[in-house]
Structure formats: structure tokens, C-alpha cells
There are 2 protein chains.
Amino acid sequence: MEKIRPYSQALDRLRNAGLRSTRQRLALAKLLFDGQNRHVTAEILHGEALEASVRVSLATVYNTLHQFNEVGLLREIVVDSGRSYFDTNISEHHHIYNEDTRELMDIDGDQIDLAGLPAIEAGQELSRVDVIVRIKNI
Amino acid sequence: MEKIRPYSQALDRLRNAGLRSTRQRLALAKLLFDGQNRHVTAEILHGEALEASVRVSLATVYNTLHQFNEVGLLREIVVDSGRSYFDTNISEHHHIYNEDTRELMDIDGDQIDLAGLPAIEAGQELSRVDVIVRIKNI
DNA sequence: GTGTTTGCAAAGTGTTTGCAATTTA
DNA sequence: TAAATTGCAAACACTTTGCAAACAC
């Protein structure tokens, strides 16, 4: 029964990642790492920040999402040509994507079995393997 | 040993799909369905058309790709937020994507075994399952 | 002839960038 | 105080749209 301390948790995350703890990054980290896995776009996160009375520009949200992605705090997910999603779940897992609602959900990594992946050629390395289950409303 | 007849092949494809055979659609179909599987973006196909002295606007290339996708002559592949790829291989298969070169290649459908896919909820249907092996250069 | 398709240019969407002002360590 | 970060506005890449002219059937 651990008490959630979003502030210091967010601060620690930034520190561990070697990022300066600015007001904007702290606030965004608190919104993102609130205890449950989230899938956000820059637009959505910016909206949430404004709602929470956090003054931050959309440009900074983009910068921050990419920095968090680079240091491994987030993972960018490509399911829609036209917008970027960022996932706070950085463990190995897959996705189910509703093409109508544009809602993205996790599938546990050990729920799916994948076999027969091709060998990687010399001079190349595996970045990762994405399984995307695309669904739509009837 | 079958002789390839790109013209009538393309014409037949349009006819069967119920699309009027305009000069632009015929030319694009000939470029696309040349006998081997292709992955194109609108920009690339437009470039190829111009090279082949086919006068066609980029807007028409976009329209045509989407029409072909809708009638099942092509399949749109999402691997890059920011550009749309269209695949002339419409059989069940997967992809390997080089994040550096942005090159997209097919993986045979029966080469990969997938198990443990989640059940689809009521009111929804499976659109498809994409496996994307992402690689990068070392 | 009638409805479809095209091409242009303009608008739209999501994202990135240059740079001066501000903030962090 | 030196280096990093921010915010703005402008630029950007890709895609879609409105509409008059051209075309297919």
C-alpha cells in the first residue's frame, strides 16, 4: 500500500534521465506518470496541461515528448499516419487500435506469441517488433 | 511462361473494380501493377508518373491511391507518422521497415506465426493485424 | 447529354524550427 | 554566468478540398 507522490516521482524521473527539472517538464511528467498507463498525442497533453492551469506552449510539449521518448521515459507508437502517439508503458507489449475512435490500448507483452520473425541483415539491428490489432466499429 | 500485358491488365483491374478507365488511372495502374509488389507514397508515384511523361496532378494521385485502396486494389500501410505508404501486395502478409532508409519490405504471411490475439469486443470487428519489424542501420 | 473525374490553387493538419528572452544549475 | 530551455510565430511536409473545365460512357 504505497502512497503515490506524483511530484517527487516526476522529479526523480527527470533526474534519473538526466533532464533539467523545469516547471514545464515537471508538470508534464506529473500528468503523464500519474500511476496508470497512458497514450497521448501532443495535442491531448497540451490540452490537459492547459486544463490543469499549467502554462506551457505546444512547441514545448512536442519537445518534451520527444526528449522523454529519447531517454526512454516514453515510447512513440505509430498507428496513424498523421499523428504521433506516445505511450507511458515502456515495457514490451503490443497494441489494439480502434480506427474509428482513434483509441489506443495496450496488449500485454506475454499475451501474444510471435514466431517466424525474419533474420536481420548484417549492418542492421532490430529496433523493435510492433503488433497492431486494428479494429473498427460495426 | 505468360506474357505480361500491363495495359489490358490495368484496364481489367479498373473494370473489375468498377472504376472508370481514365487516362490518369490507367497510367497509374500500369505503374503500380507492373508484375512485382511495390510500396509507394503519393509523392513517389507522382514522380514516377512525371518521369514516364504521364501528365497527372499530385491531387489526382492522392485521389487515385485512396480509391484503389477502397476497392481493394491496394492496401494502405501505416509505418511512419507523416507519410502514407500503399502496398500493391494485397494478400495477407506483414512488413519489415527500415527506420533510417524508410524502406518497406514484405514478409510472407505464412512466415510469421501469431498467437494470443485478444478477443474483439461486441460492436467491433477486426480490421486487420499488422506485424511491423522495425530495423535500423548500425 | 449527364454524371464523373481532373487539376489547380488554396486551405488544412500536425509538426518542426529560428531566435530572443527566460530559467536552471 | 554559462548553458539549457522556453515560447512565439513562421515555416514545413504531407494531405485534402472547392470548384470550374474536361472527360467517359
Side-chain angles (χ1 to χ4, degrees), chain A residues 7 10-29 31 39-50 53-71 73-74 76-86 99 102 104, chain B residues 7-8 10-31 39-50 53-71 73-74 76-86 99 102 104:
Chain A
Y7 183 84
L11 192 62
D12 290 346
R13 277 180 199 256
L14 294 185
R15 290 242 169 91
N16 292 339
L19 292 174
R20 285 193 178 183
S21 67
T22 66
R23 176 177 62 73
Q24 291 86 339
R25 291 212 268 238
L26 260 169
L28 295 177
L31 288 170
H39 300 94
V40 300
T41 63
E43 206 90 39
I44 288 171
L45 185 59
H46 186 233
E48 291 184 4
L50 296 188
S53 304
V54 174
R55 285 183 309 97
V56 58
S57 71
L58 185 56
T60 296
V61 173
Y62 273 107
N63 288 339
T64 303
L65 286 172
H66 285 131
Q67 287 155 354
F68 283 10
N69 183 53
E70 266 151 37
V71 300
L73 291 176
L74 288 178
E76 189 172 359
I77 308 293
V78 179
V79 282
D80 184 344
S81 73
R83 76 194 56 205
S84 283
Y85 286 79
F86 293 85
E99 296 177 334
R102 291 180 154 169
L104 188 58
Chain B
Y7 183 84
S8 55
L11 191 63
D12 290 346
R13 277 180 199 256
L14 294 184
R15 291 244 169 90
N16 292 338
L19 293 174
R20 283 196 178 182
S21 66
T22 66
R23 175 178 61 76
Q24 291 87 338
R25 292 213 268 237
L26 259 169
L28 295 176
K30 275 195 272 184
L31 287 169
H39 301 95
V40 299
T41 63
E43 206 89 40
I44 288 171
L45 185 59
H46 186 232
E48 291 184 2
L50 296 188
S53 305
V54 174
R55 285 182 308 97
V56 59
S57 72
L58 186 55
T60 296
V61 173
Y62 273 107
N63 288 339
T64 303
L65 286 173
H66 285 131
Q67 287 155 354
F68 283 11
N69 183 52
E70 267 151 38
V71 300
L73 291 176
L74 287 177
E76 190 171 358
I77 308 294
V78 179
V79 283
D80 184 344
S81 74
R83 77 193 55 204
S84 284
Y85 286 79
F86 293 85
E99 296 176 335
R102 291 181 153 169
L104 187 59

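Below, chains carry the letters A, B, ... as their sequence lines are ordered, and counting in each starts from 1. From a predicted model like this one, the values you see are computed outputs, not experimental measurements.
Just one residue in the list A:Q24, A:R23, A:R25 forms a side-chain contact (heavy atoms from CB on, under 4.5 Å) with A:V56, and that residue is A:Q24.
As judged by a 4.0 angstrom heavy-atom cut-off over every strand, B:T41 is placed among residues making no nucleic acid contact. Nucleic acid contact class of A:S84 (heavy atoms, under 4.0 Å, all strands): sugar-phosphate only.
The nearest pair of heavy atoms linking B:A49 to B:L28 is CB-CD2, 4.2 Å. Considering every non-hydrogen atom in both B:L65 and B:A42, the closest pair reads CD1-CA, 3.6 Å. Shown here for B:V71 and B:A17, the closest heavy-atom pair between the two residues is CG2-CB, 3.8 Å.
For B:L28 and C:dT6, the CG to C1' distance is 12 Å, given to the nearest whole Å. If you measure from atom CG of A:L65 to atom C1' of C:dT15, you get 12 Å, rounded to the nearest angstrom. Put simply, CG on A:L45 is 15 Å from C1' on C:dG14, counting in whole angstrom units. B:F86 has its CZ atom 10 Å from the C1' atom of D:dT15, to the nearest Å. Put simply, CG on B:L14 is 13 Å from C1' on C:dT5, counting in whole angstrom units. Taking atom CD of B:E70 as the reference point, atom P of D:dT16 lies 11 Å away to the nearest angstrom. Put simply, CG on B:L58 is 14 Å from P on C:dT6, counting in whole angstrom units.
Note on B:S21: a side-chain N or O is less than 4.0 Å away from OP1 or OP2 of D:dC25. For C:dT16, one of the phosphate oxygens OP1 or OP2 lies less than 4.0 angstrom from a side-chain nitrogen or oxygen of A:H66. Phosphate proximity of C:dT16 to A:Y62: absent, as no side-chain N or O sits under 4.0 Å from OP1 or OP2.
For A:R83, counting side-chain heavy atoms from C-beta on, the closest listed nucleotide (D:dT16, C:dT15, C:dA25) is C:dT15. Distance from the side chain of B:A59 is smallest for C:dC8 among the nucleotides D:dT15, C:dC8, C:dT17.
Taken from NE2 in B:H39 to CG in B:L74, the straight-line distance is 10.5 Å, to the nearest 0.5 Å. With rounding to the nearest 0.5 Å, the separation of CG in B:N69 from OG1 in B:T64 is 12.0 Å. Annotation: the span from B:R102 atom CZ to B:D80 atom CG amounts to 4.5 Å, rounded to 0.5 Å. Here the straight-line distance linking atom CG of B:L31 with atom CG of B:L26 works out to 11.0 Å at 0.5 Å rounding.
Checked against the 6.0 Å centroid criterion, the rings of B:Y62 and B:H46 do not qualify as a close aromatic pair.
The end-to-end axis angle of the helix from C:dG1-D:dC25 to C:dA25-D:dT1, rounded to 10 degrees and based on five pairs per end, is 40°.
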Could you list all N or O pairs between the protein and nucleotides 2-6 of chain D that sit under 3.5 Å apart?
unit_1	atom_1	unit_2	atom_2	d
D:dA4	O4'	A:R20	NH1	3.3
D:dT5	OP1	A:R25	NH2	2.3
D:dT5	O5'	A:R25	NH2	3.4
D:dT6	OP1	A:T22	OG1	2.6
D:dT6	O3'	A:Q24	NE2	2.6

